[in-house]
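One structure below.
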Amino acid sequence: MRFAVVRFPGSCDDRDALLACSRFGEAHFVDHRESDLAGFDCVVIPGGFSYGDYLRAGALAGLSPVMGAVRSFAAAGGPVLGICNGFQVLCESGLLPGALLPNSGLRFVCREVEVEVASDATPFTRCTEPGRRLRIPVKHQSGRYWAPPEVLDTLERTGRVVFRYAPGHNPNGSERNIAGVASAGGNVVGLMPHPEHAVDALLGSADGAVLFECVARAAVAA
């Protein structure tokens with residue numbers, strides 16, 4: 001299992017993502033100028049402030065050369081995980097629907113929340129079960145998931161809402177408590193909470209490790 005962790009100028013959670021991936025396989029950094037992801041089994045776009053979040057969070061990173069390779073990788077069915085700023089990048093690049101708007105309180109939030117697994121139909125949740133609660137931290141200022149009502153209905157109907165904030169844990173006002181969604185093929189997943197910061201009990205929770213474990217298991221089974 002070989003993980004690619006994409007680094008943009010401004011990425012700041014890349015080392016944590018690399019550490020989380022390395023618990024379940026071989027993990028390497030990939031520069032934002034790269035145009036080839038051959039040899040990798042999974043791509044992780046980490047959190048941070050790509051390109052300083054100038055213009056709009058994730059907008060400039062969505063236009064970088066490596067995103068062409070990520071699109072090709074995803075089109076071939078490869079698993080792609082976007083975390084926080086990575087989720088924003090995936091939405092900005094058109095790989096996931098919707099947008100991440102400023103938090104409803106217009107303030108940066110940084111705290112631990114609980115999310116529920118809403119779908120086990122993705123490589124990152126296949127080894128867990130719907131309804132399972134995960135304790136994972138969030139830290140963002142633009143994490144309020146939004147999409148037109150008809151898009152939200154489609155996501156719900158087709159099982160593409162992957163993570164939902166548990167009752168009382170929505171930190172940003174996301175529509176329908178949505179914390180993470182998947183592409184139509186299910187292989188591209190984005191979420192605002194940070195599973196890479198919850199992979200060891202010493203960090204306060206090891207619940208986030210299940211995402212990396214699931215995709216590693218899926219690769220072995222393929």
Side-chain angles (χ1 to χ4, degrees), residues 1-8 11 14 17-18 21 24-48 50-51 56-100 118-127 145 147-148 150-152 154-163 178-192 195-196 211-222:
M1 180 68 183
R2 297 186 80 232
F3 291 90
V5 178
V6 178
R7 304 176 95 177
F8 299 101
S11 295
D14 45 348
L18 192 81
C21 292
F24 299 97
E26 187 180 330
H28 299 270
F29 287 129
V30 171
D31 189 80
H32 63 107
R33 291 162 291 196
E34 288 289 339
S35 58
D36 187 1
L37 290 167
F40 289 106
D41 303 300
C42 177
V43 174
V44 175
I45 303 179
S50 57
Y51 295 90
R56 190 174 57 246
L60 294 177
L63 301 173
S64 64
V66 74
M67 291 310 297
V70 173
R71 286 191 187 86
S72 298
F73 183 85
V80 178
L81 178 66
I83 303 168
C84 194
N85 192 234
F87 187 12
Q88 295 161 343
V89 172
L90 291 175
C91 289
E92 290 286 344
S93 64
L95 282 164
L96 289 175
L100 284 310
S119 169
D120 60 357
T122 83
F124 302 98
T125 53
R126 197 164 293 157
C127 68
Y145 186 75
E150 60 272 22
V151 174
L152 294 173
T154 298
L155 292 174
E156 302 267 18
R157 187 176 65 255
T158 56
R160 290 166 58 190
V161 176
V162 184
F163 298 102
I178 291 174
V181 300
S183 62
N187 58 308
V188 180
V189 171
L191 76 165
M192 286 310 296
E196 82 280 18
L211 279 77
F212 304 98
E213 179 184 359
C214 284
V215 73
R217 284 196 196 180
V220 170

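What you see below is based on every heavy atom in this structure, not just the backbone, and it leaves out hydrogens, waters and symmetry mates.
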Under the ring pair (Phe, Tyr, Trp, His ring centres under 6.0 Å) test, residues paired with Y51 that sit two or more places apart: H32
What closest approach, in Å, do [X] and [Y] show between heavy atoms, and which atom pair accounts for it?
X: D36; Y: A38; answer: OD1-N, 2.9 Å
X: G77; Y: N187; answer: C-ND2, 3.4 Å
X: L95; Y: S183; answer: O-CB, 3.9 Å
X: G190; Y: L90; answer: CA-CD1, 4.5 Å
X: A182; Y: P97; answer: O-CD, 4.4 Å

Using side-chain heavy atoms (C-beta onward) and a distance below 4.5 Å, is [X] in contact with [Y]?
X: M1; Y: V215; result: yes
X: L96; Y: C91; result: yes
X: Y145; Y: L152; result: yes
X: V66; Y: S35; result: no

For the backbone of [Y] and the side chain of [X], can you confirm whether one donor and one acceptor N or O come within less than 3.5 Å of each other?
X: T125; Y: S119; answer: yes
X: R7; Y: D31; answer: no
X: N85; Y: A57; answer: no

For C84, check side-chain contact (heavy atoms from CB on, under 4.5 Å) against everything at least two apart and list the hits. H140, M192, H194
Per the side-chain hydrogen bond (donor to acceptor under 3.5 Å, both in side chains) rule, what does the pair list look like for residues 64-80, sequence neighbours excluded? none
Decide disulfide (SG to SG under 2.5 Å) for C214 and C127; before the verdict, give the C-alpha distance in whole Å, the side-chain angles of both, and the deciding distance to 0.1 Å. CA-CA 5 Å; C214 284; C127 68; 2.0 Å; yes
Give the intermediate values and the outcome of side chain to side chain contact (heavy atoms under 4.5 Å, CB included) for residues V6 and V43. CA-CA 7 Å; V6 178; V43 174; 3.9 Å; yes
